[in-house]
Chemist: 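The structure's right below; bear with me while I get my questions together.
Lettering of chains follows the sequences in order, A, B, ..., and the numbering in each one begins at 1.
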Amino acid sequence: MSSRYNHKEVEKKWQTVWSDKKIFQTEIDQNKEKFYVLEMFPYPSGKIHMGHVRNYTLGDVVARYKRMKGYNVLHPMGWDAFGLPAENAALTEKKHPESWTYQNIKTMKNQLLKMGLSLDWTREIATCHPDYYKHEQKFFIDMFKAGLAYKKEAEVNWDPIDKTVLANEQVIDGRGWRSGAVVEKKKLSQWFLKISKYSDELLRDLEKLNNWPNKVKIMQSNWIGKSTGAEIDFKVLENNKKIKVFTTRPDTIFGATFIALSSEHELVVEISKKNIELQKFIKSCERLNPEKTKKGFNINLFVDHPFIRGKKLPIFVANFVLKEYGLGAIFGCPAHDQRDLDFARQYNLEVIPVVKPNNVNLNSFNINDEAFTDEGILINSEFLNGLNINDAKNKIIDEIENKKIGKKKVNFKLRDWGISRQRFWGCPIPIIYREDGEILTVEEVDLPIKLPEVENFSESSSALSNISSWKETVCPKTGMKAYRETDTFDTFFESSWYYFRYCNSRLDKPFEKKDIEYWLPVDQYIGGIEHAILHLLYSRFFTKALRDLNYFNLNEPFKGLFTQGMVTHLTYFNKKGEWVEPKDVEKIDGQLKDINGYDVETGKIEKMSKSKKNVVDPNDIINSYGADTARWFMLSDSPPERDLQWTETGISASFKFINKVYELVDRSKNYKSASVEDFDILDNLKSIINEVSENIESFQFNKSVAKIYEFVNILSNSLSEKKMSEKGFKWSLGKLSVILHPFIPHISEEIWSNIDNSTLCINQSWPVEEVKKKTKFKLAIQINGKTKEIIEIDDSLSKQMVLELVKNNDKIKKNISGKNIIREIYVPGKIINLVV
RNA sequence: GGGAGUAUGGCGGAACUGGUAGACGCGCCGGAUUCAAAAUCCGGUCACUUCGGUGGUGUGGGUUCGAUUCCCUCUACUCCUACCA
């Protein structure tokens with residue numbers, strides 16, 4: 001494609017101007033309303049991908065628009081710089097993860113700079129820098145002192161060949177990704193944060209997040225998993241010990257026919273010490289999927305039924321009872337729980353129905369292979385008989401509390417957040433273990449605990465526990481020998497507070513309270529749906545925890561959230577079934593061929609990924625078409641929340657548009673026109689401008705784009721047919737550059753500079769146009785709801801006058817001749833409907 | 001199994017609280033320009049049609065003067081979650 005518009009030159013020029021004039025550097029200004037726009041910061045993996053381009057383009061539209069609307073906009077960027085890929089790269093390249101990371105940051109920053117984003121780069125952060133992570137070491141110490149951080153045993157994935165702990169993503173089909181060895185579960189003592197303390201608040205406050213997608217709120221709410229029920233004690237006959245059970249269906253207690261315990265229940269652990277059969281059973285369950293096979297082991301002990309005198313229930317160890325949920329123990333009521341029923345049938349246990357459907361006769365109701373879990377009426381349940389489920393629940397809970405054998409209980413699925421990672425490239429946990437067994441937090445003056453310098457990074461140095469020179473230390477108080485905690489933080493720790501750090505990223509404290517008060521919460525956060533639960537939940541927790549540690553007074557970090565769709569691309573594969581890169585595919589005589597001339601077929605449209613080879617490199621696109629073209633394509637057609645399909649025709653359409661706009665401006669330089677009546681045209685343009693604004697406000701950028709196409713088409717048409725006055729045309733071009741600005745800022749500045757060389761387009765205020773009320777409108781005439789004719793009428797006409805006009809219309813006359821009009825419905829400004 | 005969402009031309013997608021279905025872009029067709037092509041510009045483009053019309057928003061039904069929009073049924077696809085007692 002040829003063009004006189006030189007995107008490389010123009011884009012570079014304006015990027016330099018913005019940067020030289022420090023346009024995007026922001027400071028607190030109490031006279032202006034603030035607006036904090038944030039996109040989820042990238043992991044510095046090497047180069048930016050289309051997902052980043054889409055994410056940051058969306059954010060930039062908001063940031064530039066809000067700025068032109070007069071807000072004091074904070075729009076920062078940084079790097080989520082700790083993580084496993086750096087360790088892997090360090091192993092293969094024999095370099096320190098740090099140098100690999102900073103190299104990537106440099107490359108990716110250059111790529112982002114070329115996109116022309118309105119970022120305040122003076123606030124840039126990299127979470128792997130000690131000036132960043134030293135503050136989170138302080139947070140951890142505060143949390144530890146406040147009882148929010150604690151240590152307990154937890155399982156990790158252990159690779160017996162590499163003798164290393166593996167992250168979940170390093171375990172592929174149960175095997176270590178590097179060694180291929182079958183991964184073992186190993187128990188280690190690890191650090192946890194008490195997010196569960198905030199379960200209720202995290203759930204409740206979701207309701208206040210009005211500018212969050214419902215989908216995300218539902219996902220978080222399910223994850224927190226609140227359920228109300230009861231805790232009930234069962235007494236073991238043989239030894240008088242108590243088994244505590246959690247249930248959401250205490251109303252079915254009279255249908256209880258057995259007790260089931262998880263293999264890690266303390267009673268089971270105790271018994272299994274002396275019972276080899278039980279040990280074998282537990283071992284055999286490890287390889288079973290309980291969803292397919294439910295297995296139990298009868299330990300020949302019984303409990304008393306708390307409400308039925310003399311009734312004994314057998315106790316099983318069962319593979320379908322979860323150890324992490326509730327109390328690791330349940331009572332089985334087979335008639336009203338499918339899992340219990342499956343289990344009962346297998347071990348010939350009693351099935352006693354205690355709830356029957358409302359409209360079914362008691363005699364004709366029985367349980368076969370399907371448990372009855374719907375609403376109904378209590379039966380076979382003494383004092384509960386005849387009640388509905390809800391009333392029965394309340395009554396039995398009262399009874400349980402009266403008898404002091406349990407209580408009403410709210411249970412959450414949410415587990416505490418395990419933050420220990422047995423890795424090198426992460427933030428060290430500031431704890432030392434003294435030889436006398438004391439666990440101490442590192443003194444504040446000794447922070448940061450920096451990562452060690454390591455030459456020739458290798459497997460053996462990939463965990464801090466192997467670096468004894470770093471690990472060994474002395475207690476600063478007593479001089480006793482001590483060693484450091486060698487676990488590092490989960491990288492979600494860094495991303496849980498980076499949005500606070502942007503307020504003043506060079507400060508010696510994590511942040512200043514007054515800055516937080518001005519800038520937070522983030523008004524618009526934008527990122528992928530994949531962070532719906534973990535990152536966003538951890539950040540919400542962190543905010544509440546820091547609030548309780550008196551850092552500030554803020555309840556929620558992100559006021560508005562937007563989750564964008566993925567960037568997808570058609571896949572290609574050859575006869576051998578190998579994926580083929582799009583750039584290697586060519587259409588020859590209607591047949592797709594690869595570079596070797598072999599036939600290629602198209603596969604599904606999928607998310608861009610290296611493995612499917614359907615990736616398009618943003619760098620190539622920006623180099624050959626320019627940033628504006630890439631941005632325009634990202635914003636056209638697809639609504640931001642949906643997936644965007646990358647196509648070659650799409651990108652060239654965007655390129656065409658950019659050039660068309662340039663040509664239009666170029667051709668209009670000597671525009672001369674006799675004085676013409678252009679009120680209608682200008683009015684139309686004005687209402688288009690307002691619609692562009694509305695669509696930006698509601699995050700429907702694809703609709704803004706469509707409106708801008710209309711705007712440009714009108715201008716282009718007016719130019720060739722001389723429909724507008726010189727003054728009107730010049731006005732329109734000015735407005736065009738302004739409304740283009742948030743989307744494609746470079747060409748926008750270029751056009752603006754033709755109009756006014758002394759100011760910048762980014763500094764113009766966003767237009768709000770007054771559109772005169774139309775005096776005429778188009779009225780659709782319907783017969784029985786079907787449109788037959790459209791006429792233009794005056795606004796001031798009464799219904800009677802309109803009716804007369806309509807009935808005298810030739811076409812309508814024909815349609816209604818010989819028929820009776822039963823009803824006439826007139827909606828002014830829209831339709832008139834004659835019912836015949 | 002549980003939860004959420006989506007379905008409109010050849011394609012991506014518009015249609016405000018029910019009121020002219022298909023805006024805008026792509027593709028395709030025709031024309032202009034050109035020695036020719038690319039690029040560019042102009043026009044057309046839901047289907048059927050006896051050119052009067054008729055049908056049409058995944059399926060079937062309902063409410064209404066009027067339904068892409070509201071209610072019910074079914075189907076297909078996508079995502080999340082999963083023995084959560």
Side-chain angles (χ1 to χ4, degrees), chain A residues 1-3 213-219 221-223 225-227 229 245-250 252 260 262 289-292 294 318-322 324-333 336-340 342-343 373 411-415 529-530 532-533 565-566 632-633 636-639 641-645 647-654 656-657 659-660 663 691 694-695 698 700 702-713 716-717 720 778-790 811 814 821-836:
Chain A
M1 261 184 249
S2 71
S3 165
N214 240 336
K215 187 172 35 169
V216 175
K217 288 194 276 187
I218 289 166
M219 281 162 79
S221 154
N222 290 341
W223 189 261
K226 181 177 182 170
S227 57
V245 154
F246 174 73
T247 178
T248 54
R249 292 294 303 274
T252 63
S262 85
N289 178 359
E291 227 166 322
K292 288 183 192 129
K294 295 201 175 9
N319 67 336
F320 70 94
V321 180
L322 290 174
E324 317 87 31
Y325 184 76
L327 299 158
I330 61 159
F331 75 73
C333 175
H336 306 289
D337 184 294
Q338 193 58 47
R339 294 157 303 183
D340 296 350
D342 294 345
F343 190 78
T373 54
N411 199 46
F412 292 94
K413 267 196 321 197
L414 184 64
R415 304 287 90 204
I529 187 79
E530 65 275 18
I533 299 173
M566 300 180 296
W632 190 250
F633 175 68
S636 309
D637 291 356
S638 293
E641 70 277 9
R642 285 205 219 165
D643 287 354
L644 172 125
Q645 197 194 335
T647 59
E648 208 38 57
T649 50
I651 194 73
S652 59
S654 296
K656 241 155 71 175
F657 174 75
N659 284 287
K660 184 180 170 172
E663 290 290 320
E691 283 174 274
E694 282 165 31
N695 293 331
S698 60
Q700 295 172 293
N702 56 318
K703 282 159 75 176
S704 298
V705 165
K707 285 292 158 191
I708 291 174
Y709 270 111
E710 270 185 48
F711 195 102
V712 170
N713 288 345
S716 160
N717 184 266
S720 37
K778 282 179 180 158
L779 180 80
I781 308 170
Q782 303 180 331
I783 310 257
N784 290 342
K786 303 234 156 160
T787 304
K788 297 291 176 186
E789 177 76 312
I790 294 160
K811 214 166 179 183
K814 240 193 280 177
I821 298 174
I822 310 165
R823 238 177 116 177
E824 292 140 353
I825 295 142
Y826 178 50
V827 184
K830 285 177 177 158
I831 56 113
I832 184 156
N833 189 12
L834 305 178
V835 187
V836 297

Chemist: Test your reading of the model: is there a side-chain donor-acceptor pair from A:Ser636 to the backbone of A:Trp632, 3.5 Å cut-off?
Modeler: yes

Chemist: How would you label the glycosidic angle of B:G62: syn (within 90° of 0) or anti?
Modeler: anti

Chemist: Tell me whether B:G52 sits syn or anti, counting syn as a glycosidic angle within 90° of 0.
Modeler: syn

Chemist: Counting only side-chain heavy atoms from C-beta out, which of B:G25, B:C84, B:C80 sits nearest to A:Met219?
Modeler: B:C80

Chemist: Given B:U17, B:A15, B:U20, which nucleotide is nearest the side-chain atoms of A:Lys703?
Modeler: B:A15

Chemist: Where the side chain of A:Glu710 is defined as all heavy atoms beyond and including C-beta, which of B:A23, B:U20, B:G19 is the nearest nucleotide?
Modeler: B:A23

Chemist: In whole angstrom, what separates A:Phe320's CZ from B:C84's P?
Modeler: 10 Å

Chemist: Heavy atoms, side chains only, cut-off 4.5 Å: are A:Lys660 and A:Asn713 in contact?
Modeler: yes

Chemist: Out of B:A4, B:G19, B:U20, which nucleotide sits closest to the side chain of A:Ile218?
Modeler: B:A4

Chemist: What is the pairing partner of B:A4, taking Watson-Crick or G-U wobble pairs with both distances under 3.5 Å in any strand?
Modeler: B:U78

Chemist: Which whole number of Å gives the distance between the C1' atom of B:G66 and that of B:U78?
Modeler: 34 Å

Chemist: Has A:Asn319 got a side-chain atom pairing as donor or acceptor with A:Lys294's backbone, closer than 3.5 angstrom?
Modeler: no

Chemist: Pick the C1' atom in B:U8 and in B:A14, then give their distance to the nearest Å.
Modeler: 10 Å

Chemist: Please compare A:Val705 and A:Arg823 by the position of their nearest nucleotide in RNA chain B and report the one closer to 5'.
Modeler: A:Val705

Chemist: Find the distance A:Asn784:CG to B:U64:C1' and express it as a whole number of Å.
Modeler: 13 Å

Chemist: What is the distance from CG of A:Leu834 to P of B:U20, rounded to the nearest Å?
Modeler: 16 Å

Chemist: Taking A:Gly332's backbone N and O only, do any of them form a donor-acceptor pair with A:Asp340's side chain (distance below 3.5 Å, no angle check)?
Modeler: no

Chemist: Counting only side-chain heavy atoms from C-beta out, which of B:A85, B:C24, B:A4 sits nearest to A:Arg339?
Modeler: B:A85

Chemist: Give me the distance, rounded to whole Å, that separates B:C28 from B:G19 when you measure between the C1' atoms they each carry.
Modeler: 33 Å

Chemist: Looking at A:Ser227, does any N or O in its side chain come under 4.0 Å of the phosphate oxygens OP1/OP2 on B:A85?
Modeler: yes

Chemist: According to a strict under-4.0 Å criterion, is A:Asn702 in side-chain N/O contact with OP1 or OP2 of B:G25?
Modeler: no

Chemist: As a test of reading the structure: which of B:A85, B:A82, B:G3 is closest to the side chain of A:Asn222, going by heavy atoms?
Modeler: B:G3

Chemist: From the list B:G25, B:U17, B:C26, which nucleotide is the closest neighbour of the side chain of A:Thr649?
Modeler: B:C26

Chemist: Could you please spell out the steps behind the side chain to side chain donor-acceptor pair (under 3.5 Å) verdict for A:Asn695 and A:Glu691?
Modeler: CA-CA 6 Å; A:Asn695 293 331; A:Glu691 283 174 274; 5.9 Å; no

Chemist: Given the structure, check if the side chain of A:Gln782 and the base of B:G19 hold any donor-acceptor pair shorter than 3.5 Å.
Modeler: yes

Chemist: Let's test this: given Watson-Crick or G-U wobble pairing with both distances under 3.5 Å, identify the partner of B:U68.
Modeler: none

Chemist: With both distances kept under 3.5 Å, what pairs with B:C48, Watson-Crick or G-U wobble?
Modeler: B:G53

Chemist: Taking the six-membered ring for Trp, are A:Tyr325 and A:Phe246 parallel (under 30°), tilted (30 to 60°) or perpendicular (over 60°)?
Modeler: perpendicular

Chemist: Check the distance between B:G1's C1' and A:His336's NE2 and give it to me in whole angstrom.
Modeler: 19 Å

Chemist: Please report the distance separating the C1' of B:U54 from the corresponding atom of B:U49, rounded so that it comes out in whole Å.
Modeler: 8 Å

Chemist: Assign A:Lys294 to base, sugar-phosphate, or nothing according to its heavy-atom contacts below 4.0 angstrom with the strands shown.
Modeler: base

Chemist: Identify the nucleotide, in any strand shown, that forms a Watson-Crick or G-U wobble pair with B:U34, with both distances under 3.5 Å; if there is none, say none.
Modeler: none

Chemist: Distance check: side-chain N/O of A:Lys788 vs OP1/OP2 of B:U54, anything under 4.0 Å?
Modeler: yes

Chemist: Taking CD1 from A:Ile832 and P from B:G66, how many angstroms apart are they, rounded to a whole number?
Modeler: 16 Å

Chemist: Quick one: look up who B:G10 pairs with, Watson-Crick or G-U, both distances under 3.5 Å, and put none if it's unpaired.
Modeler: B:C26

Chemist: In the structure shown, which nucleotide is the Watson-Crick or G-U wobble counterpart of B:U17, with both distances under 3.5 Å?
Modeler: none

Chemist: Sort out the partner of B:A85 for me: Watson-Crick or G-U wobble, both distances under 3.5 Å, none otherwise.
Modeler: none

Chemist: Report the nucleotide, chosen from B:U40, B:G25, B:G3, that has the shortest atom-to-atom distance to any side-chain atom of A:Lys656.
Modeler: B:U40

Chemist: For B:U68 versus B:U63, give the span between their P atoms, rounded off to a whole number of Å.
Modeler: 16 Å

Chemist: Rounding to an integer number of Å, can you tell me how far A:Asn214 CG sits from B:U6 P?
Modeler: 11 Å

Chemist: When you compare the side chains of A:Asn833 and A:Lys786, does any donor N or O come within less than 3.5 Å of an acceptor on the partner?
Modeler: no

Chemist: Quick one: is B:A85 close enough that its OP1 or OP2 comes under 4.0 Å of any side-chain N or O from A:Tyr325?
Modeler: yes

Chemist: Please report the distance separating the P of B:U20 from the corresponding atom of B:A39, rounded so that it comes out in whole Å.
Modeler: 38 Å

Chemist: Could you measure between the two P atoms, the one in B:G62 and the one in B:U57, and give it in whole Å?
Modeler: 15 Å

Chemist: Could you check whether A:Gln645 gets within reach of a base, just the sugar-phosphate, or nothing at all, counting any heavy atom under 4.0 Å?
Modeler: nothing

Chemist: Could you check whether atom NZ of A:Lys217 has more than 12 heavy atoms from other residues, nucleotides or ligands sitting under 6.0 Å from it?
Modeler: yes

Chemist: Considering only B:G19, B:A85, B:C26, which nucleotide approaches the side chain of A:Ile825 most closely?
Modeler: B:G19

Chemist: Atom NZ of A:Lys660 to atom C1' of B:C26: distance rounded to whole Å?
Modeler: 14 Å

Chemist: A:Asp643 CG to B:U78 P: how many Å, rounded?
Modeler: 12 Å

Chemist: Base, sugar-phosphate, or nothing for A:Thr787, non-hydrogen atoms under 4.0 angstrom?
Modeler: sugar-phosphate

Chemist: Is the backbone N or O of A:Lys413 less than 3.5 Å from a side-chain atom of A:Arg415, with the two atoms forming a donor-acceptor pair by type?
Modeler: yes

Chemist: Nearest nucleotide by nearest heavy atom, which residue falls closer to the 5' end of RNA chain B, A:Arg249 or A:Arg642?
Modeler: A:Arg642

Chemist: Nearest to the A:Asn713 side chain among B:G25, B:A85, B:A82, which nucleotide is it?
Modeler: B:G25

Chemist: Distance check, C1' atoms only: B:U50 and B:G60, in whole angstrom units.
Modeler: 33 Å

